[in-house]
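For reference, the structure is listed below as structure tokens.
Here is how names work: the chains are called A, B, and so on, in the same order as the sequence lines, proteins then strands, and each is numbered from 1.
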There are 2 protein chains.
Amino acid sequence: MDRRQRKTREAIFKAFTELLSQKDFSQITVGEIIERADIGRATFYAHFETKDFLLKELCEELFCHLFDSMHKENNHHRHIFDCDAPSSVFLHLFQHLMKNDNNILGLFSCRNNELFLGYFKESLVQLVQNQIDLFDSEKNKKLPESFLVNHIVATLVGTIRWWVDNGMKESPETITEYFLAVI
Amino acid sequence: MDRRQRKTREAIFKAFTELLSQKDFSQITVGEIIERADIGRATFYAHFETKDFLLKELCEELFCHLFDSMHKENNHHRHIFDCDAPSSVFLHLFQHLMKNDNNILGLFSCRNNELFLGYFKESLVQLVQNQIDLFDSEKNKKLPESFLVNHIVATLVGTIRWWVDNGMKESPETITEYFLAVI
DNA sequence: TTATTACAGAACTCTTTGTTCAATAAAATT
DNA sequence: AATTTTATTGAACAAAGAGTTCTGTAATAA
């Protein structure tokens, strides 16, 4: 990829995430993005078809980064989804969220983030589905699996939003406890 | 309230909810609404400051209607929040959702509904807070109450969305079972 | 050095938003 | 029933944003 392209792309992402932390997605205009990124209007549209596609690609990059980091932090010989304890998977997720990526946290705290949450949930369904056997007690055997997966993902999202909205005062370990306690 | 005002207001709500069942909130223009409602442009802005205020007022009307109906269906001598079993409260909610109000269901299934869900959650927090003692086992005593309330509301919203997205095949009784089983 | 590719920046069309105003019709008041 | 008040109409209007097109220029690759 051309160095110029990379620089422009990153400038757009940077400006966009900064604006996302200030206001809702629907309130942000292309004009604001290009002004902050200091690029031409035509350049923006050469990179992204619309504002929605920009958000889409930002989400994809964030999740690649998130799951890559979790892989690296984790045991290199085993796949992340094959961990022995379910707690370790979620603990790593919470730890990573706390450590860096204010970008992701901004998307969690703002309002117009249905698209982002859609991606997040999609990514998590695979993770949860591999963990679901561990949660299957006799009590839950009667419930449809898709309902259980949906419930665990919804709970995870709800937990993170509560955590972020309350200022992330709790440690990742505590949040993992809370999360595991309610599911 | 003037009969003319009521008629235009209802025509706007009708057109708006019909459009909401077809496309996302952000895709709907004021022009489409007034064309479908068959009213003048100035009339729309005489009633609603912006499109967002229209959604806001629609949500408020829907929730008034929802909770009023639940009151009427329920025991008239006791307040809904004072019911003996927690299941009855949630069962009534699920029953009401199934019976009527395609309007509410449309808002649950569409994407851009953060504002709607915000109202819904707000309304539910009070309901849940009155029920929370019943769920307080020794296990949950360690968890902050706000976390528990947040979790129950998030689970309720997640349950309804799963129900609606899967075509509402299950009966309100079954959904209540599922819901109570996971919390 | 040459050819390719990306960017700047301006001008432009189109859509949508929100406002204004005079004319008209319905409702409330006397 | 006559008059006053209020709601609606419809058109015209300005402003803002989206997305496109073009030419000249600078950086990169061959």
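- Between the CD1 atom of B:Ile12 and the P atom of D:dT9 there is a distance of 9 Å, given to the nearest Å.
- B:His47 has no side-chain polar atom (N or O) that falls below the 4.0 Å cut-off from OP1 or OP2 of D:dA7.
- Salt bridge present: A:Glu60 and A:Lys56 bring a charged side-chain N and a carboxylate O closer than 4.0 Å.
- Nearest-nucleotide positions on DNA chain C for A:Arg6 and B:Arg41 put A:Arg6 closer to the 5' end.
- Between A:Lys23 and A:Glu18 there is no salt bridge, since none of the side-chain N atoms of the basic residue sits less than 4.0 Å from a carboxylate O of the acidic one.
- Of the possible donor and acceptor atoms, one in the side chain of A:Trp163 sits under 3.5 Å from a partner among the backbone N and O of A:Glu170.
- For the OP1/OP2 pair of C:dT19 and a distance below 4.0 Å, the side-chain nitrogens and oxygens of B:Tyr45 include no atom meeting the criterion.
- Of the two residues near DNA chain D, A:Gly31 and A:Ala42, the one whose nearest nucleotide lies more 5' is A:Gly31.
- Put simply, CG on A:Leu19 is 13 Å from P on D:dG17, counting in whole angstrom units.
- Remark: C1' of D:dA11 and CD1 of B:Ile39 are 16 Å apart, rounded to the nearest angstrom.
- Within the nucleic acid shown, B:Thr29 comes within 4.0 Å of sugar-phosphate atoms alone, with no base atom in reach, counting heavy atoms only.
- Atoms CZ (B:Arg9) and C1' (D:dT8) sit 16 Å apart, rounded to a whole Å.
- Rounding to whole angstrom units, CZ of residue B:Phe44 and P of C:dT16 are separated by 14 Å.
- Salt bridge annotation for A:Glu177-B:Lys142: absent, with no cationic side-chain nitrogen under 4.0 angstrom from a carboxylate oxygen.
- Residue A:Arg4 has its side chain nearest to D:dT28 when only C:dG9, D:dT6, D:dT28 are considered.
- In this structure, A:Ala46 reaches neither bases nor backbone, as no heavy-atom distance under 4.0 Å exists between it and the strands shown.
- Using a 4.0 Å heavy-atom cutoff across all strands shown, A:Arg3 reaches sugar-phosphate atoms only and no base atom.
- In the set C:dC7, D:dA7, D:dC22, the nucleotide with an atom closest to the side chain of B:Asp2 is D:dA7.
- Without hydrogens or angle criteria, B:Asp2 side chain to B:Arg4 main chain gives a donor-acceptor distance under 3.5 Å.
- Distance, A:Phe48 CZ to D:dA18 C1': 17 Å, rounded to whole Å.
- Separating the CD1 atom of A:Ile34 from the C1' atom of D:dG17 is a distance of 11 Å, rounded to the nearest angstrom.
- One finds a side-chain N or O of B:Thr8 lying less than 4.0 angstrom from the OP1 or OP2 phosphate oxygen of D:dT8.
- In this structure, CD of B:Gln27 is placed 18 Å from P of D:dG17, rounded to the nearest angstrom.
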